[in-house]
Protein chains: 2
Amino acid sequence: MKLITRDTDYALRAVCFIVKNKKMVSVSDLVRELKIPRPFLRKILQVLNKKGIVRSFKGRGGGFTLGLRPEKIYLLDLLRIFQGPLKLNECTLNKKKCPKISVCPLSSKLNNIEKHVIKELKSITVASLIK
Amino acid sequence: MKLITRDTDYALRAVCFIVKNKKMVSVSDLVRELKIPRPFLRKILQVLNKKGIVRSFKGRGGGFTLGLRPEKIYLLDLLRIFQGPLKLNECTLNKKKCPKISVCPLSSKLNNIEKHVIKELKSITVASLIK
DNA sequence: ACGAATGATACTATTATGGTATCATTATCT
DNA sequence: AGATAATGATACCATAATAGTATCATTCGT
Ligand code: FES
Ligand code: FES
């Protein structure tokens with residue numbers, strides 16, 4: 001099992017590069033630097049743009065800049081954007097609302113794990129990874 | 001994202017039921033109790049048998065008994081059996097051995113998360129869930 | 001010998017992941 | 001104004017993981 005999928009990871013690397021570069025960064029720059037398949041990276045950046053994490057500029061000389069301060073970009077948010085909500089604890093029997101959930105010993109333990117993971121992922125920001 | 005897939009979860013429930021029942025338990029008993037699709041459950045039990053977690057008895061009056069003491073059956077082991085190794089931290093760029101791994105700030109943070117999750121999952125045994 | 005149970009194994013359906021490909025739009029440079 | 005260089009929107013495709021089914025072989029108890 002892995003925690004982070006490729007799109008999340010690529011997004012993180014892309015954002016980090018944009019931060020470090022300060023100026024406008026084009027997809028070509030990113031492909032050169034990160035060696036990520038170009039169309040895939042483009043798709044990822046478009047999502048990041050829609051979510052306000054980067055800002056895009058069209059046309060000649062265009063590209064991407066940061067949309068948020070690096071201390072405000074949390075790995076947890078990237079993960080949620082690309083992988084959906086982090087629900088480590090979800091009853092296999094009843095996807096909606098399990099009636100046993102309040103007494104289910106497993107559920108409560110998984111909940112604790114989930115809380116810890118979320119806390120840790122919240123503590124990881126782009127800023128904290130740069131330096 | 002979820003931590004536990006169906007087969008792991010079903011396996012856990014099945015084993016718990018076997019523990020509680022003390023005597024021999026057949027697939028039919030389990031299907032009745034857990035409402036899990038029969039052929040799927042059978043496949044799961046065969047794996048558990050091969051791994052020594054349950055013991056199987058063929059023929060009329062056959063079924064399954066526990067192969068290990070409940071305190072010795074860890075959720076972590078079930079998870080590994082059905083979902084493979086728990087590697088929350090695996091570099092997306094180089095699946096084998098990333099040269100940057102020793103200096104990668106993300107890798108070290110994910111490693112900490114992984115350690116914590118593993119520790120917690122080790123603390124969850126069938127015995128601890130029964131009572 | 002028969003029936004009731006599991007063992008072994010191969011197949012299938014659905015979803016998630018990791019991408020490609022194409023055309024439209026917009027900004028800049030000449 | 002028109003060519004060019006960038007992103008936007010969208011639809012498509014390939015592979016792998018998940019969640020099962022289906023079938024036949026084997027073994028044990030009666
Ligand atoms: S059985 Fe549904 S939450 Fe545990
Ligand atoms: S870049 Fe490979 S371990 Fe972080």
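All of these numbers come straight from a predicted model, not from anything done at the bench.
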Rounding to a whole Å, what distance do you find between [X]:[atom1] and [N]:[atom2]?
X        : N       : atom1 : atom2 : result
Arg55(B) : dT27(D) : CZ    : C1'   : 15 Å
Lys51(A) : dA9(D)  : NZ    : C1'   : 16 Å
Leu30(A) : dA6(D)  : CG    : P     : 13 Å
Asp29(A) : dA6(D)  : CG    : C1'   : 11 Å
Gln46(B) : dT21(D) : CD    : P     : 15 Å
Ile18(B) : dT6(C)  : CD1   : P     : 10 Å
Leu48(B) : dT6(C)  : CG    : C1'   : 14 Å
Leu41(B) : dT21(D) : CG    : C1'   : 14 Å

Check against side-chain contact (heavy atoms from CB on, under 4.5 Å), Val126(B) and Leu66(B): CA-CA 11 Å; Val126(B) 166; Leu66(B) 222 56; 5.9 Å; no
Worked verdict on Thr125(B) versus Glu71(B) for side-chain hydrogen bond (donor to acceptor under 3.5 Å, both in side chains): CA-CA 6 Å; Thr125(B) 66; Glu71(B) 316 90 57; over 6 Å; no
Electrostatic pair Asp29(A)-Arg32(A), nearest N-O below 4.0 angstrom: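 Yes, Asp29(A) and Arg32(A) are salt-bridged.
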Under 4.0 angstrom between Asn49(B) side-chain N/O and dT6(C) OP1 or OP2: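 Asn49(B) to dT6(C) OP1/OP2: no side-chain N or O under 4.0 Å.
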Any Ser56(A) side-chain nitrogen or oxygen under 4.0 Å from OP1 or OP2 of dG8(D): yes
Sequence-aligned protein contact record of nucleotides 18-30 of chain C, with B where the base is within under 4.0 Å of a protein heavy atom and S where only the sugar-phosphate is: SBB-B--BBBBS-
Enclosure of Lys51(A) NZ (heavy-atom neighbours >12, cutoff 6.0 Å):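 No - once you tally the heavy atoms of other residues, nucleotides and ligands closer than 6.0 Å, there are 12 at most.
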Leu48(B) side chain reached by Ile44(B) side chain, heavy atoms, under 4.5 Å: yes
Min side-chain heavy-atom separation Val27(B)-Arg38(B) under 4.5 Å: yes
